[in-house]
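Here is the structure we will look at, set down as structure tokens.
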There are 2 protein chains.
Amino acid sequence: MPRQVPVSLRPHRITAADVARKAGVSRSAVSRAFTEGAYVDKEKRARILKVAADLGYRPNALAAGLQGKGRSNLVAIVTGDLVNHYDGEILARMVRQLTAIGKWPVVLNAGDEIPDADVSGVLGFPLDAMILRGGSVPDDVVEHCAKLKIPLIVSGRILDRPGIDSVCCDNERGSALAVEALIARGRRRIAYLGGQADLTSDRERRKGFLDAVQAAGLSPVAQADGDYSFDGGLASARALLTAHPEIDALFCANDAMALGAQAVATCELGRTVPESLSIVGFDDIAMARWPTIALSTIRNDMDMTVTQIMRLLAARLDDPDAPPQTVRTEPEFIARGTH
Amino acid sequence: MPRQVPVSLRPHRITAADVARKAGVSRSAVSRAFTEGAYVDKEKRARILKVAADLGYRPNALAAGLQGKGRSNLVAIVTGDLVNHYDGEILARMVRQLTAIGKWPVVLNAGDEIPDADVSGVLGFPLDAMILRGGSVPDDVVEHCAKLKIPLIVSGRILDRPGIDSVCCDNERGSALAVEALIARGRRRIAYLGGQADLTSDRERRKGFLDAVQAAGLSPVAQADGDYSFDGGLASARALLTAHPEIDALFCANDAMALGAQAVATCELGRTVPESLSIVGFDDIAMARWPTIALSTIRNDMDMTVTQIMRLLAARLDDPDAPPQTVRTEPEFIARGTH
DNA sequence: AAAACTTATGCACACGTGTTCATATAGAGG
DNA sequence: CCTCTATATGAACACGTGTGCATAAGTTTT
């Protein structure tokens, strides 16, 4: 009974050899038919492509990426919580830009905590690069990338280490712009509603705030920590405004917290914005310009950020040993209805 | 002059052979040291892992995935525009769930148009599965997946074809719930603010709306098309409310459009919500519950949806030839402040 | 003591591709 | 006619891994 059908769970994927057999050519020819500028008879190539299309064949990207010189075309993106609109919007841009240049983004969602094992695990792939959005960067990840010679591009903070490129908004300048705008509106009792105090972005924004307030001859009424989320901003603002009712302006470390602060101030504490309380955010997420929201904020230009990330990526792929680059993007005050 | 240093652009990634050489063992041993339950001397394994850690070695996932039986652990996710909050929030959940079971999500952002070439291109990888979020599904993609035997899981619409699993909200029922709630509030001149009319979700929600209105003995005042975006909802609502000032309720095909409609109604047309105009959305995105928003809407349970997607995925990986499954999730009316 | 079984280990193969190498054919130019 | 160049083609190798196979050693059972 030689009726031994080889049962494979995964039904045999069409391979170049299959196409070659069916088209009556060598396997090399099939590979060449899919390679731009290779020596293949024009008519023969057409026939091969026809057969390939019929069979539904396409070159296995894993096998192709295994080749020494070729790149895997995989790029890992480690992002923060996507419910945070800034991260979502910037991710969308990155994904589109990457696919446009033939790279495939493998996305890791950090959420609030750092997915150490995940980030470490994805390094099993010979990534063309890794893009780290904001947050704290675990040291061992940096170490791994360095050992594996995987280019690391950090956005949202500056990391001054060899082989690591960074692009980040000039946070201190942004804070200064916000404080200036608030003072121009006659505000004098300004508080800072911060994010996680251990993040570089918060440290810089906080420092910029304190410096600017001091430079104006004022002193900050209060400071609070949050977690860059709507709910966190709401809770922190509640505590802040209850303990210090004299506050007449809130500068928030990002837009989500600003919206949370606005919610608690207007819906719960009976304040009116901007009459009895000014609020300024940071980032300029898409909804900040909605008429019903109209949030005054500091623009953290996402298009520019992503453009720079892509530029750094291209440069790094071109020359892995080039000195690390650091880019600061320019913030801008966007006057709307809450200040 | 035999000083021929082999110059490779990509600095040689550490390989199992390197570890084997340095640890004085065979390459097989290295592989086994990283394989759970393989026969290796306990002490030997420890030594190998130590050397591997020192060298920064980890098994190349590409080579591993090339193995016949093993899976690549790559899962493609095709999503809509992430500025659309529903897509962003559901993507975040999927990414987290997938990484939790050791799958790596390759994300394609459809944006408004269908990235035909991209979707086709990612099929070069021997994907474990492909998850398609909403929208229209190009037929040739379905065809390709079928030929390549790549499991396809569609969310946001039902696709009744062999080997394709679907999970989708019971849209008609959701619309009926919305209409009921509006009628209970005394509304009689209800209009439908739809999304792209060629999408299944819009067709079903529209049908559910029309049926429910008719069942209540009313007739719909008007219908309009949008594009599921805030701006689209705003523009459509402006046209709708201007042409039909008698409208006293808007049922919108998703939350983003509902918020756009609210913006134009209150900020531009002098209507008050809900006093002179009721608005009900669909999806229940995170911000719908913000006190400043308080959008009455139909919950399209994301946790349940993702749970079901993961369940279908597991089942499909377990048995590729199982009959296709279809899941309808139950919608729920969430009463807040806009109806 | 013999047999059966568990553990350990290296060799060799398979995965599917891109590409080098050698070889062959054809055309052009002297 | 000979040489040189451009084009075409198949065999063979390399990429890095997991694992089947054969073999050896150690342990338990009969």
Side-chain angles (χ1 to χ4, degrees), chain A residues 6 8-21 23-48 52 55-74 123-128 148-149, chain B residues 6 8-21 23-48 52 55-74 123-128 148-149:
Chain A
S8 70
L9 201 74
R10 186 66 158 287
H12 177 62
R13 179 177 167 124
I14 303 291
T15 169
D18 298 329
V19 177
R21 203 172 308 125
V25 299
S26 76
R27 196 190 59 75
S28 302
V30 177
S31 180
R32 278 190 259 262
F34 281 88
T35 307
E36 195 84 16
Y39 285 142
V40 206
D41 186 79
K42 191 165 183 177
E43 184 180 337
K44 191 181 204 172
R45 163 176 274 155
R47 192 173 70 239
I48 293 175
L55 261 49
Y57 166 79
R58 59 193 61 222
N60 187 326
L62 287 197
L66 203 51
Q67 230 83 323
K69 287 169 267 185
R71 312 197 176 283
S72 71
N73 288 329
L74 291 174
L123 290 178
F125 291 93
L127 301 171
D128 281 2
L148 297 171
K149 300 288 184 185
Chain B
S8 70
L9 201 76
R10 186 65 158 286
H12 177 62
R13 179 177 166 122
I14 304 291
T15 169
D18 298 328
V19 177
R21 203 172 309 124
V25 299
S26 77
R27 196 190 56 75
S28 302
V30 177
S31 181
R32 278 190 254 264
F34 280 88
T35 307
E36 194 83 18
Y39 286 141
V40 204
D41 185 79
K42 191 163 184 177
E43 184 180 337
K44 191 181 204 174
R45 162 176 274 155
R47 192 173 71 239
I48 292 175
L55 260 48
Y57 165 79
R58 59 193 59 221
N60 187 327
L62 288 197
L66 202 51
Q67 229 85 321
K69 288 169 268 186
R71 313 198 175 282
S72 70
N73 287 331
L74 291 174
L123 290 178
F125 292 93
L127 302 171
D128 281 2
L148 297 170
K149 300 288 183 186

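Worth saying up front: this structure is predicted, and the values here are computed from it rather than measured. Side chains are part of it too, since the values below use all heavy atoms of this structure and drop only hydrogens, waters and symmetry mates. Chain letters run A, B, ... following the sequence lines, proteins first and then strands; every chain starts at 1.
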Open item on the list: Please check this pair: side chain of B/Ser72 against backbone of B/Gly65, looking for a donor-acceptor N/O pair closer than 3.5 Å.
Closed with: no
- [ ] To the nearest 0.5 angstrom, please state how far the CG atom of A/Leu148 sits from the CZ atom of B/Arg58.
- [x] 6.0 Å
- [ ] Go through the structure and list residues passing side-chain contact (heavy atoms from CB on, under 4.5 Å) with B/Ala61, not counting sequence neighbours.
- [x] A/Phe125
Open item on the list: Please list, in numerical order, the residues of residues 31-43 of chain B that have a heavy atom closer than 4.0 Å to any atom of DNA chain D.
Closed with: B/Ser31, B/Arg32, B/Thr35
Task: Exam field: side chain B/Asp128 to backbone B/Arg71, donor-acceptor pair closer than 3.5 Å - done: no
Task: Polar side-chain atom of A/Ser26 near backbone of A/Ala29 as donor-acceptor pair, under 3.5 Å - done: yes
Open item on the list: Looking at B/Ser28 and C/dC11, is any side-chain donor or acceptor paired with a base atom of the opposite kind under 3.5 Å?
Closed with: yes
- [ ] Could you tell me the separation between the CG atom of A/Leu55 and the P atom of C/dG16, rounded to a whole number of Å?
- [x] 14 Å
Open item on the list: Do A/Val25 and A/Arg47 have side chains that approach each other closer than 4.5 Å (heavy atoms only, starting at C-beta)?
Closed with: yes
TODO: Return no unless some side-chain N or O of A/Lys44 is found under 4.0 Å from OP1 or OP2 of D/dG10.
DONE: yes
Task: Minimum-distance pair of heavy atoms, taken over all atoms of B/Ala33 and B/Ile48 - done: CB-CG2, 3.7 Å
Open item on the list: On the nucleotide D/dT17, are OP1 or OP2 found under 4.0 Å from the side-chain N or O atoms that B/Thr15 carries?
Closed with: yes
Task: Terminal axis angle for the helix from C/dA1-D/dT30 to C/dG30-D/dC1, five pairs an end, nearest 10 degrees - done: 40°
Open item on the list: Nearest to the side chain of A/Gln67, heavy atoms from C-beta on, is which of C/dG18, D/dT17, C/dC15?
Closed with: C/dG18
